[in-house]
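Written out below as structure tokens is the structure these notes cover.
This is a predicted model, so every value here is computed, not measured. Numbered from 1 within each chain, the chains take letters A, B, ... in sequence-line order. Note that these values count all heavy atoms, side chains included, but never hydrogens, waters or copies made by symmetry.
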Protein chains: 2
Amino acid sequence: MNSPASGIAAGRATDVAHDRLVADVFARACESRRVLEHVTGRWGSLALAALAEGPFRFNALRRKVDGVSEKMLAQTLQALERDGFVHREAEPTIPPRVEYSLTPTGREVAEKLLELIGLIEARLPEVTAARARYDAVKLSRG
Amino acid sequence: MNSPASGIAAGRATDVAHDRLVADVFARACESRRVLEHVTGRWGSLALAALAEGPFRFNALRRKVDGVSEKMLAQTLQALERDGFVHREAEPTIPPRVEYSLTPTGREVAEKLLELIGLIEARLPEVTAARARYDAVKLSRG
DNA sequence: CTGTATCCTCTCTGATACTG
DNA sequence: CAGTATCAGAGAGGATACAG
């Protein structure tokens, strides 16, 4: 990726911030895109939204996020932890007790996410109506 | 999807008063979840964010959203149009000229999305640092 | 130019079983 | 309880060709 305005490229971009390199999700190679995908992914968004309500243990989170499998939840949480959005606190007891919570950055992101989710839930009637209209037209035209 | 107190919109979900169903993304069967997936999907989020800058024609949008294939862009736009977030204006000329723009509801959603994207781009240095830390620990432990 | 149709690949996903 | 490992299917996604 050599495009001019978006140079926070993969791998070696750890601390190159003092010139005018701007993160740009529209650029295929920009890491912000991958981060966005973690945050907005099928389970990532729900996990962050759930954790916004407070810390959760693994299985509690699994019950909260209806439909997620063990595997996907673990995988999702690992990605979010690696990105620094989620903090994982494991007490070395038997049986193990692991608590997940949001980091400060994670909280910021989760709040934006919550606003988005709230908006979508609020606009659900409009969406349903729009779908009905769309499908009706489609049907009448073939 | 009638679980008791969940739902981001709970507490101010007065707009569905004629029945007491509250939209709840955490519920597997709630349609809001599918809408959220369209909006936050890999290409849906980028398409909406791009259209927030103004109307686009198909190929212009395709160039803006770096990396999207014709197929996926068409598919994504159809889903967003059906949900009532995107308006499609086709002039019946030859060659065809089709312009995509946001509906009022779409604009609301896109704005939230833009805030989220802006935040993520701004926090990218923190994320990169967090990743480096995470990977270092992982490596030192096996 | 703006799509649709087809084929093919590869990742994501979920069940299941197993470990500490 | 909190995961990891493995496997098979479903569906996302891309390349290409073609239509209006």
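- In this structure, A:Arg62 atom CZ and D:dG3 atom P are separated by 12 Å, rounded to whole Å.
- At least one side-chain nitrogen or oxygen of B:Tyr100 sits closer than 4.0 Å to the OP1 or OP2 atom of C:dG3.
- Going from atom CZ of B:Arg88 over to atom C1' of C:dG3 covers 8 Å, rounded to whole Å.
- A continuous path of hydrophobic side-chain contacts links B:Leu51 to B:Val98 [ILVMFWY only; heavy atoms under 4.5 Å].
- For residues 68-82 of chain B, the side chain to side chain donor-acceptor pair (under 3.5 Å) pairs, not counting sequence neighbours, are A:Asp135-B:Arg82.
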What does the list of N/O pairs under 3.5 Å between the protein and nucleotides 14-20 of chain D look like, with a distance for each?
| from | atom 1 | to | atom 2 | distance (Å) |
| --- | --- | --- | --- | --- |
| D:dG14 | O6 | B:Lys71 | NZ | 2.3 |

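- Sequence order on DNA chain C of the closest nucleotides to B:Ala60 and B:Arg28 puts B:Ala60 first from the 5' end.
- The distance from atom CD of B:Glu91 to atom C1' of C:dC1 is 12 Å, rounded to the nearest whole Å.
- Between B:Arg34 and B:Glu37, none of the side-chain N atoms (NZ, or NE/NH1/NH2) sits under 4.0 Å from a carboxylate O, so this pair counts as no salt bridge.
- By the 4.0 Å N-to-carboxylate-O rule, A:Lys64 lies close enough to A:Glu53 to be salt-bridged with it.
- Rounded to an integer number of Å, the gap from CZ of A:Phe58 to C1' of C:dT19 is 15 Å.
- In this structure, CD of B:Gln78 is placed 8 Å from P of C:dG3, rounded to the nearest angstrom.
- The phosphate of C:dT2 (OP1 or OP2) has a side-chain N or O of B:Arg57 nearer than 4.0 angstrom.
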Going by atom type alone, with no hydrogens or angles, which donor-acceptor pairs under 3.5 Å involve a side-chain atom of residues 112-127 of chain B and a protein atom two or more places apart or on another chain?
| from | atom 1 | to | atom 2 | distance (Å) |
| --- | --- | --- | --- | --- |
| B:Lys112 | NZ | A:Glu115 | OE1 | 2.9 |
| B:Glu115 | OE1 | A:Lys112 | NZ | 2.9 |
| B:Glu121 | OE2 | A:Val25 | N | 2.9 |
| B:Arg123 | NE | A:Glu108 | OE1 | 2.7 |
| B:Arg123 | NH2 | A:Glu108 | OE1 | 3.4 |
| B:Arg123 | NH2 | A:Glu108 | OE2 | 3.0 |

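- Following rounding to the nearest Å, B:Lys138 (NZ) and D:dT4 (C1') show an atom-to-atom distance of 11 Å.
- Using a 4.0 Å cut-off between charged nitrogen and carboxylate oxygen, A:Arg57 and A:Glu99 do not count as a salt-bridge pair.
- Taking CZ of B:Arg88 as the start and OH of A:Tyr134 as the end, the distance is 8.0 Å to the nearest 0.5 Å.
- In this structure, CD of A:Glu37 is placed 14 Å from P of C:dT11, rounded to the nearest angstrom.
- Distance CG (B:Asp66) to C1' (D:dG13): 16 Å, rounded to an integer number of Å.
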